[in-house]
Q: 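This is the structure I want to talk about, given as structure tokens.
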Amino acid sequence: MSGKIAIEKKIIAAAKLAVNQAIKQNTLPSVIIPEIEIEVPKDEKFGDFSLNIAMQLAKPMQKKPRDIAEIIANEITGFEPLIEKADIAGPGFINITLDPIWLYEELTRINELGNEYGKLTLEKPKSINVEYVSGNPTGPLHIGNARGGAIGDVLANIYQCAGWNVTKEFYLNDAGNQVIKFGESLSARYMQLFDPSYPFPDDGYKGVDISRLAEAYRDENGDSLKDAQKNEREKTLMDYALTINISNMRKDLEKYGIIYDVWFSESTLHNSDAIKDIVKLLSDNGATYEKDGALWFRATDYDCEKDEVLLRTNGIPTYYTADIAYHYNKLVIRGFDLAVNVWGADHHGHVHRLKMALKAAGINPDRLKVVLMQMVCLMRDGEPVRLSKRNGEIVTLRDLIDDVSVDAARFIFNYNNATTHMNFDMDLAVKESNENPVFYVQYAHARIRSILRNITAPQKDYDLSVLTDKTEVSLMKKLADFSKEITLAARDFDPSRMTKYAYDLATHFHSFYNACRVKNDDENLMGARLSLVRASGIVLKNTLNVLGVSAPEQM
RNA sequence: GCGCCAGUAGCUCAGUAGGAUAGAGCAACGGCCUUCUAAGCCGUGUGUCAGGGGUUCGAAUCCCUUCUGGCGCGCCA
């Protein structure tokens, strides 16, 4: 444990002791003490940390908050040597100013730990499965998958950094209606190569990629399927095309910086007893009934609007059933402590249903966390680009990373909260100009590396207490925030915290760079500043690693 | 109709478990390189936090309600 979290814990402990001491000495009345909160004030003139405990105690103690604050402030310095002073301000805040020595110690720690700095270690690491993108293999990955990929991959990295055992997983929807439709579409396009009037199914996939796959099969294998049974033709073309599509998805995702630990096929659930087992479990728990020849889940018993079909009249399980079996596999059979899914917001209706089915299966629904992300609106020439999957007009992940650097795409997709509708400006992203925040951050890193290349100083212990400039102090404070940012990003399932932190850190570094010259006649000052530059490089690079964005040596 | 997400500066968005005077970037204007990367820094101003109630020492943040936008409510996935 290092950084700001450790310091905050120390201050909270001291505050607790101070309150108890005052109660013991009868200077404050004896009441139940709420959990003590600590925060960093926005304005630096209010000190390093701020406590609001006096305001919270005002009511139960029936005293003025400022009076309580004064008593606590007088006691607290005696319980924690790092506290330089404790002031009272405003309605009753206790503002804590620390001895800056903690910042110098933190700087030393960063430089000692390097790549390992900020990584948390848990006594009992929990296991987490992060599932993201998870597209249908019936077509190429699109721009929405690109956002989900960036969010999920970074989220997984954050948990890794926070000390969890992480599995990155892709759920391949290679079963069900859409795959059958895929086969029918391929078959029709294949037949049209020989007879242009051959009918195409109304609800078929109209994308050009389908025609290309049919052509590719003909070019490789000739016209032998022309006279085959329809079923056989569909099956053969489907298997052929799925293999190609899945391999392309894998390649595109790797290019995008995403490497999965597990590719999980939905078809394995159908081909094993997994679905049968989950249906039996739900039935044994009394959560199902038969109606109209289908098997239903009593979702209305679990706070849902309506019941849901598990097995259709024709005996084929629905997507929902497969998904329940899949999550049973994750949480029970493979035993992950937590399953996190990144889904498009258009699937939000499915979240509660799935959780309730898990509950009916005897699993705590809180062990499933779904991160919903809003749709991406693609902008070109200042106008929204209308996309229609039905007509085959989509912008693919491959198109995107052919135009935009992977670094820019991953950073921009994580720059906003997942909950915000996002405008992705193609022109801006292609421009790769300084309007793009990722270049600002990478430039800071390149600058750091450049300084370290140009200036060398003998290895020795410098007196870091000469780092007193306003920009130096706030940069050191920002560096110490790293592990707290990881903790909060993990707590809130919010990867956008890390891009914001990276941007903020870059700003603090640039300000320092402009205010303080590293190269210096004062040997100690130069050495101390080099330590700060080196530490900034380490933390910035560690942050970029979590984001899966490169940290360039020069630009 | 019911449900989920959102509404903050001209635009794109932050706002840290309710905290002190609501902030960045872009756009506009002015300053800073004979010295470590000017893809940078510093300064100048902008708000009915969608509207209305409530909760309390304190609300952009929590609750209720109205309005606006996006999405969902299939024996599709």
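Quick note on labels: first sequence line is chain A, next is B, and so on, each numbered from 1. If you're wondering where the values come from, they're calculated on a predicted model, not measured in any experiment.
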Q: Which of these nucleotides, B/rC41, B/rU35, B/rA38, is closest to any side-chain atom of A/Arg447?
A: B/rA38

Q: Rounded to whole angstrom, note down the P distance from B/rG70 over to B/rG23.
A: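 Those two atoms are separated by 32 Å.
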
Q: Nearest to the A/Asn136 side chain among B/rA77, B/rU37, B/rC13, which nucleotide is it?
A: B/rA77

Q: Under 3.5 Å, is there an N or O donor on one side and an acceptor on the other linking the side chain of A/Lys500 and the base of B/rU16?
A: no

Q: Strictly below 4.0 Å, N to O, side chains only: are A/Glu169 and A/Lys330 in salt-bridge contact?
A: no

Q: With rounding to the closest Å, how many angstrom separate the P atoms on B/rC26 and B/rU16?
A: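 The same atom, P, in both gives a distance of 23 Å.
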
Q: Confirm from the modelled atom types if A/His348 and B/rG3 form a donor-acceptor pair under 3.5 Å, side chain to base only.
A: yes

Q: Counting only distance, no hydrogens or angles, is the base of B/rA20 paired donor-acceptor with the side chain of A/Asn95 under 3.5 Å?
A: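 Present.
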
Q: Could you work out the separation of B/rU46 and B/rC36 based on their P atoms and round it to a whole Å?
A: 38 Å

Q: Ignoring backbone atoms, test whether A/Asn454 places a side-chain nitrogen or oxygen under 4.0 Å from the OP1 or OP2 oxygen of B/rU37.
A: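 Answer is yes, contact under 4.0 Å.
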
Q: Rounding to the closest angstrom, what is the interatomic distance between B/rU56 and B/rG15 at atom P?
A: 28 Å

Q: Is there a side-chain polar atom (N or O) of A/Lys42 under 4.0 Å from OP1 or OP2 of B/rA20?
A: yes

Q: Kindly label the base of B/rC62 as syn or anti, based on whether its glycosidic torsion lies within 90° of 0.
A: anti

Q: Output the single nucleotide from B/rC75, B/rG19, B/rU37 whose closest atom is nearest the side chain of A/Ile451.
A: B/rU37

Q: Return the nearest nucleotide to the side chain of A/Phe93; candidates are B/rC57, B/rC36, B/rG19.
A: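 Closest nucleotide to the A/Phe93 side chain: B/rG19.
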
Q: Taking the nucleotide of RNA chain B with the closest heavy atom to each, which residue, A/Lys519 or A/Asp307, is nearer the 5' end?
A: A/Lys519

Q: Is the positively charged end of A/Arg447 above the ring of A/Phe509, judged by distance under 6.0 angstrom from the centroid and angle within 45° of the axis?
A: no

Q: 5'-most contact on RNA chain B: A/Ala175 or A/Thr507, nearest heavy atom basis?
A: A/Thr507

Q: Distance check, P atoms only: B/rC49 and B/rA9, in whole angstrom units.
A: 10 Å

Q: Please state the P separation for the pair B/rC57 and B/rU44 - nearest whole angstrom.
A: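 37 Å, rounded to whole Å.
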
Q: Could you work out which one of B/rC57, B/rA20, B/rG40 sits closest to the side chain of A/Asn514?
A: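 Closest nucleotide to the A/Asn514 side chain: B/rG40.
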
Q: Taking only N and O in the side chain of A/Arg453, is any of them less than 4.0 Å away from OP1 or OP2 of B/rC36?
A: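 Indeed not, no polar side-chain atom of A/Arg453 lies that close.
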
Q: Of all the choices, B/rC75, B/rU21, B/rA77, which nucleotide is nearest to the side chain of A/Arg353 once you look at every atom?
A: B/rA77

Q: Using the rule given for side chain to side chain contact (heavy atoms under 4.5 Å, CB included), can you reason through A/Ile412 versus A/Met422, listing the C-alpha separation, both sets of side-chain angles and the distance that settles it, and then say yes or no?
A: CA-CA 10 Å; A/Ile412 291 171; A/Met422 180 178 193; 3.5 Å; yes

Q: For the C1' atoms, the ones on B/rA27 and on B/rU12, what distance do you get once it is rounded to whole angstrom?
A: 11 Å

Q: Starting the side chain at C-beta, find the nucleotide from B/rA6, B/rG72, B/rA77 nearest to A/Thr419.
A: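 Taking heavy atoms from C-beta onward, the closest nucleotide is B/rA6.
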
Q: Where the side chain of A/Met55 is defined as all heavy atoms beyond and including C-beta, which of B/rC75, B/rA77, B/rC57 is the nearest nucleotide?
A: B/rC57

Q: Tell me which nucleotide among B/rC73, B/rA39, B/rU16 gets nearest to the side chain of A/Arg497.
A: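 The answer is B/rU16, which lies nearest to the side chain.
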
Q: Among B/rA77, B/rC13, B/rA39, which nucleotide has an atom closest to any side-chain atom of A/Tyr443?
A: B/rA39

Q: Tell me whether the side-chain N/O atoms of A/Tyr440 come closer than 4.0 Å to OP1 or OP2 in B/rC41.
A: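 Yes, within the criterion.
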
Q: Does a side-chain N or O from A/Arg312 land closer than 4.0 Å to OP1 or OP2 of B/rG74, or not?
A: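 Checking B/rG74 against A/Arg312, no side-chain N or O comes under 4.0 Å of OP1 or OP2.
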
Q: When the C1' atoms of B/rA38 and B/rA60 are compared, how many Å lie between them, rounded to an integer?
A: 37 Å

